[in-house]
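Just so it is clear, the model here is predicted, and its values are computed rather than measured. Residue numbers count from 1 along this sequence.
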Amino acid sequence: MRVGVNPQKKDYKVKLESNHRIIMVIYIPELTGYYARMLEVVKVSIKSLIKTIPNTSKITLVDNGSCVEVQSYLIELFKNKEIDALQLLATNIGKIDALIGAARASREPILTLTDCDILFKPSWVTKTIEIFNAFKNVSSVSPIPTRKGFNYFTYSTKLAILKKEVKLSFLPIEENFENYNLFLDSINWEKDIDKKQLWPVVSSKGKSAIVGSDHQIVTVRRDVLFNNTPKEPSYIKVGSESEQNYVDFPIDSSFGLRLSTYNYYALHMGNNLEDWMISIYKSINTKPESVPELGLYPSLKYNNESVLKYKIIKKTIKKIFKIKTPQGY
């Protein structure tokens with residue numbers, strides 16, 4: 001028997017006080033072998049994230065069936081209100097299903113999908129929002145630029161370049177040299193030796209960004225994940241093109257831009273904590289008080305016809321840019 005009236009019915013509206021959510025999936029089944037130092041890496045990643053976000057950004061951590069030590073650490077973060085939301089899964093349901101599931105449960109207009117081995121630097125949220133505001137029809141922004149991401153699911157960005165909606169230049173960015181080599185080293189790729197290597201740069205409203213990104217960390221418009229991502233689960237633990245199908249293809253086929261910040265505002269760590277990572281983490285002193293107001297352009301439009309159009313034009317775009325771009329791209 002119910003007695004009285006639920007007081008929530010008098011004040012039934014829920015106010016959204018954030019415009020940005022970061023979603024991180026953690027899977028550390030044991031603290032041996034490949035995972036021996038992963039908890040140390042994850043702690044630095046999460047703490048650097050907490051220290052670098054404003055009050056308008058919120059954090060969701062998803063534990064994907066980790067060992068007890070990891071779960072205990074995440075539960076303490078939630079109890080201490082250092083994070084906004086925590087999902088605990090008893091077994092590993094697969095990285096992309098855990099990530100997309102949490103993203104679809106979020107209400108903020110932009111969502112950062114991130115691995116648990118990212119070192120966040122000050123101003124990464126500000127620089128991300130500045131790009132969303134400066135460029136028309138941005139689908140995603142990464143705080144980790146990569147010189148070799150020009151051809152990775154960037155056909156819609158190239159279409160905007162051909163239509164002269166943004167201006168493309170190939171420029172050396174010498175201040176990125178050291179951080180780019182740290183990134184290459186973290187994924188066991190050969191390092192660059194020439195500081196004057198060219199980067200694909202686009203400009204709009206006095207802001208510059210790099211064309212393309214990887215998918216270790218990417219901030220995506222929420223409507224991209226609701227409109228263009230497969231509705232069915234992937235049933236894949238990790239890899240096997242799951243991230244391409246559920247994140248990269250939806251970004252590109254939205255006819256929105258796939259961009260990165262001009263400089264490095266985050267770094268990839270891998271599964272081993274090194275001295276330079278600790279040094280950068282310790283250098284983060286103050287939490288940002290405010291960031292620019294997010295002013296997204298109207299929702300991007302998706303339907304079966306637009307996806308078919310995308311598949312047709314990308315073949316033409318690929319041929320055009322083979323002629324237009326410098327050697328090496």
Applying side chain to side chain contact (heavy atoms under 4.5 Å, CB included) to Ile26 and Val70, what does each step give before you reach the verdict? CA-CA 9 Å; Ile26 298 103; Val70 175; 3.9 Å; yes
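- Side-chain atoms of Asn176 come within 3.5 Å of backbone N or O of Tyr262 as a donor-acceptor pair.
- No hydrogens or angles considered: nothing links the side chains of Arg222 and Ser106 as a donor-acceptor pair under 3.5 Å.
- The shortest non-hydrogen separation linking Asn92 to Gly94 is OD1-N, 2.8 Å.
- Donor-acceptor pairing under 3.5 Å is lacking for the side chains of Asn133 and Lys207.
- Summarising the geometry, atom NZ belonging to Lys58 is positioned 11.0 Å from atom CZ belonging to Arg107; distances are rounded to the nearest 0.5 Å.
- Across every non-hydrogen atom of Arg221 and Val138, the tightest pair is CD-O, 2.9 Å.
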Worked check of side chain to side chain contact (heavy atoms under 4.5 Å, CB included) between Thr114 and Val25: CA-CA 7 Å; Thr114 180; Val25 175; over 6 Å; no
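- In plain terms, the two heavy atoms of Pro145 and Ile210 that are nearest each other are CB-CG1, 3.9 Å.
- The aromatic rings of Trp124 and His20 stand perpendicular to each other, their planes meeting at an angle above 60°, with 30° marking the opposite boundary.
- A 4.5 Å side-chain heavy-atom check between Tyr180 and Trp199 finds at least one atom pair inside the cut-off.
- How far CD of Glu108 is from CD1 of Ile22: 9.0 Å, rounded to the nearest 0.5 Å.
- A donor-acceptor pair under 3.5 Å links the side-chain atoms of Asn64 to the main chain of Ile93, judged by distance alone.
- The nearest pair of heavy atoms linking Cys116 to Met38 is SG-CE, 3.9 Å.
- Counting heavy atoms from C-beta on, the side chains of Phe120 and Ile53 never come closer than 4.5 Å.
- Atom CD of Glu178 sits in a sparse spot, with 12 or fewer heavy atoms from other residues, nucleotides or ligands closer than 6.0 Å.
- Residues Glu40 and Lys43 fail the side-chain proximity criterion, which asks for heavy atoms closer than 4.5 Å.
- Counting heavy atoms from C-beta outward, Phe170 and Phe150 have side chains that approach closer than 4.5 Å.
- When the options Ile59, Leu74, Val62 are evaluated for a side-chain contact (heavy atoms from CB on, under 4.5 Å) with Leu86, the one that passes is Leu74.
- Judged purely by atom type and a 3.5 angstrom limit, Ser260 uses its side chain to pair as donor or acceptor with the backbone of Gly212.
- Put simply, the side chain of Ser169 never gets that close to the backbone of Leu171: no donor and acceptor are under 3.5 Å apart.
- For the residue pair Arg258 / Ser213, a side-chain donor-acceptor distance below 3.5 Å is found, with atom types taken as modelled.
- Here the NZ-OG distance, from Lys121 to Ser283, works out to 8.0 Å after rounding to the nearest 0.5 Å.
- Under the 4.5 Å side-chain criterion, counting only non-hydrogen atoms from C-beta, Leu294 is in contact with Ile110.
- Here the CG-OG distance, from Leu39 to Ser72, works out to 10.0 Å after rounding to the nearest 0.5 Å.
- Under the 4.5 Å side-chain criterion, counting only non-hydrogen atoms from C-beta, Ser45 is in contact with Met269.
- Closest heavy-atom contact between Ile28 and Val42: CD1-CG2, 3.7 Å.
- More than 12 heavy atoms of other residues, nucleotides or ligands shown are found within 6.0 angstrom of CD on Glu174.
- Summarising the local packing, CZ of Phe226 is surrounded by more than 12 heavy atoms from other residues, nucleotides or ligands at distances under 6.0 Å.
- Remark: Asn80 CG is packed, more than 12 non-hydrogen atoms of other residues, nucleotides or ligands lying under 6.0 Å away.
- Counting heavy atoms from C-beta outward, Phe177 and Gln197 have side chains that stay 4.5 Å or more apart.
- In this structure, Thr157 OG1 and Leu162 CG are separated by 11.0 Å, a value rounded to the nearest 0.5 Å.
- Looking at Asn227, its side chain does come within 3.5 Å of a backbone N or O of Asp223 through a donor-acceptor pair.
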With side chain to side chain contact (heavy atoms under 4.5 Å, CB included) as the test, would you mind laying out the steps for Phe249 and Gln244 before giving the verdict? CA-CA 6 Å; Phe249 177 78; Gln244 289 92 326; 6.0 Å; no
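- One finds the CD1 atom of Ile280 at 8.5 Å from the CE atom of Met277 (value rounded to the nearest 0.5 Å).
- Between Tyr152 and Asp214, the side chains place no donor N or O within less than 3.5 Å of an acceptor N or O (distance only, hydrogens not considered).
- What you find for Ala266 and Ile118 is that their closest heavy atoms are CB-CG2, 3.9 Å.
- Not one N or O on the side chain of Thr60 forms a donor-acceptor pair closer than 3.5 Å with the backbone of Ile23.
- Looking at Thr52, its side chain does come within 3.5 Å of a backbone N or O of Ser48 through a donor-acceptor pair.
- No hydrogens or angles considered: a donor-acceptor pair under 3.5 Å links the side chains of Gln71 and Asp63.
- Between the side chain of Asn263 and the backbone N or O of Pro143 there is no donor-acceptor pair closer than 3.5 Å.
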Verdict with reasoning, Val202 to Phe135, per side chain to side chain contact (heavy atoms under 4.5 Å, CB included): CA-CA 9 Å; Val202 287; Phe135 291 83; 3.9 Å; yes
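- In this structure a side-chain-to-backbone donor-acceptor pair under 3.5 Å is present from Lys51 to Ile284.
- Using a 4.5 Å heavy-atom threshold, the side chains of Asn271 and Val41 count as separate.
- A donor-acceptor distance shorter than 3.5 angstrom exists from the side chain of Asp252 to the backbone of Ser156, with no hydrogens or angles considered.
- For the 3.5 Å distance criterion, the side chains of Thr112 and Thr219 qualify, holding a donor opposite an acceptor.
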